[in-house]
Asker: 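I'd like to ask some things about the structure below.
Values reported hereafter were calculated over all heavy atoms of this structure, with side chains retained and with hydrogens, waters and symmetry mates removed.
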Amino acid sequence: MAAAYLLAELRAVSETSKHVRRRNVVLIGDEAQACYNRVLLSSLLAGECEPSDLDMCQGDEYLSIITGRRVVEIYSEEQVLKLDDGQVMPYSDVVISTGATVPAPEAIPSGAEGVQFFRSLTDLDRLRTRSRRAKRAAVIGGGLLGLEAAWGLHLLGLTVTVVHRNEFLMNRQLDEGGSSELRRQLETAGLQFELGTVVTTTDLSDGKVSGIRLASGRRVDCELLVCATGISPNTELAERAGLAVDRGVCVDSFLHTGIPSVHALGECIQLGAMTYGLVAPIRRQAHVLAKRLMRIDTPPFEDSDDPTQLKVSGVHVFSAGDIRGDGEHIELTSQKHGIYRKLFIRDGRLVGAVLVGDRSGAAVFTELIQSRVDIGSLRHQLMFNPQVPDTSCGDAMKEKGICYA
């Protein structure tokens, strides 16, 4: 996906900059299909969209696409690539966008029949095939990817249990109350949960998964075991090329690796202490790198606290800002209507927001958090009518260039 965003940005730069000549690009990837939308994999699994809906790019006169092939070496001094079939290809600039993989917990034998990952179209095809022979599934990981995989399997008719090491689902994006409401709605829909525990043993029968045992002492029966425990950047190619690698491929704020003409972006990179797995920052990376590749001056990529706006198994979820620190809060909860809304306030300013089941006002909350204006004149209406009227707060936001229709 990062490569697709970069291609789109390169095209946009060439169309809007009269004095910039569009560069020829060769896209090389080891999957059978190039640049598809992984965010929609769970929707495809559940039958809610078509394979063509995932397409993100097609070749044109400036773009050549090579699929089913892997770059195995980058020789930066000679500025050539070596492919897995022995072909050598010259380059003037090379961008590493190798993404990430899902690691399996130590207690899960990745080679056992019934153990499955959920990261690619190939994984999805295998998951579909195996789900036809299974009645029960366990999904390891209660983040977005795990919940989406669980929901897709549930819609295919399997009994699904989600195992998550944290006490709360989506603990990186939600507070305790928001997580509890999300869990309540998913349980009502038919999912089961084992939270605050980990897999200690995988039970096998004739080499096939039959169940898992948890640190809590419970056993979960399953014929299908799906790992969705976060991501690990793919750095092997960068390491062989002699690039600096920590958890990810180390880059500066212009997505440069430190070796001439070698760049990187997306889930495989590390900037400072940060790695990236969400769409919003990766799209900003692509914008900066496209300008650099077209030799146009541009401000550097800056990490920011991007809001999370998702639809998890049919439930709308929004999170933005600081939802952990001290301060006061305004909370609205209605289990009858499936709504949880919480605003976090510090020093008269909105610093964070969590919305579950109802995302109305998300854009306003995001701008209030980012602008850091005083919300004193809005407090009485903010939860129920998140608009910005002609008040001192509204005027202050207009001065910062923040407007609402």
Asker: Thinking salt bridges, do E187 and R184 make one under a 4.0 Å N-O criterion?
Answerer: no

Asker: One thing to verify: whether R218 and E194 come together as a salt bridge, which I'm taking to mean a side-chain N less than 4.0 angstrom from a carboxylate O.
Answerer: yes

Asker: Name all residues meeting the side-chain hydrogen bond (donor to acceptor under 3.5 Å, both in side chains) criterion together with Q309; count only those two or more places apart in sequence or in a different chain, and write none if there are none.
Answerer: none

Asker: Between R379 and E328, is there a side-chain N and carboxylate O pair less than 4.0 Å apart?
Answerer: yes

Asker: Is R70 paired with D30 through a side-chain N to carboxylate O contact shorter than 4.0 Å?
Answerer: yes

Asker: Report yes if some heavy atom in the side chain of V356 is under 4.5 Å from a heavy atom in the side chain of V315; otherwise report no.
Answerer: yes

Asker: Considering only NZ, NE, NH1 and NH2 on the basic side and carboxylate oxygens on the acidic side, decide whether R22 and D60 come within less than 4.0 Å.
Answerer: yes

Asker: Centres of the Y276 and F301 rings: under 6.0 Å?
Answerer: yes

Asker: Please list, one pair per line, the donor and acceptor atoms closer than 3.5 Å that link side chains of residues 34-47 to other protein atoms, with sequence neighbours excluded.
Answerer:
from, atom 1, to, atom 2, distance (Å)
Y36, OH, E31, OE1, 2.4
Y36, OH, E31, OE2, 3.3
Y36, OH, R38, NH1, 3.2
Y36, OH, L121, N, 3.0
N37, OD1, V39, N, 2.9
R38, NH1, E31, OE2, 3.4
R38, NH1, R119, O, 2.7
R38, NH2, E31, OE2, 2.7
S42, OG, E148, OE1, 3.4

Asker: Do Q116 and R126 pair up side chain to side chain, a donor and an acceptor below 3.5 Å, judged on atom types alone?
Answerer: no

Asker: Considering only NZ, NE, NH1 and NH2 on the basic side and carboxylate oxygens on the acidic side, decide whether R346 and D326 come within less than 4.0 Å.
Answerer: no

Asker: Does a side-chain N-to-carboxylate-O contact under 4.0 Å join K291 and D297?
Answerer: no

Asker: First locate atom CG of L158, then atom CG of L191, and finally report the distance between them rounded to the nearest 0.5 Å.
Answerer: 11.5 Å

Asker: May I ask you to say whether D175 pairs ionically with R324, meaning some side-chain N is under 4.0 Å from a carboxylate O?
Answerer: no

Asker: Roughly how far apart are L10 CG and H287 NE2, rounded to 0.5 Å?
Answerer: 11.5 Å

Asker: Does E73 pair with R240 as a salt bridge, N-O distance under 4.0 Å?
Answerer: yes

Asker: Using the test ring pair (Phe, Tyr, Trp, His ring centres under 6.0 Å), find all partners of H263 that sit at least two apart in sequence or belong to another chain.
Answerer: H256

Asker: Classify the side-chain pair Q33/D55 by whether it contains a donor and acceptor separated by less than 3.5 Å.
Answerer: yes

Asker: For D93, is there an ion pair with R292 - N to carboxylate O distance below 4.0 angstrom?
Answerer: no

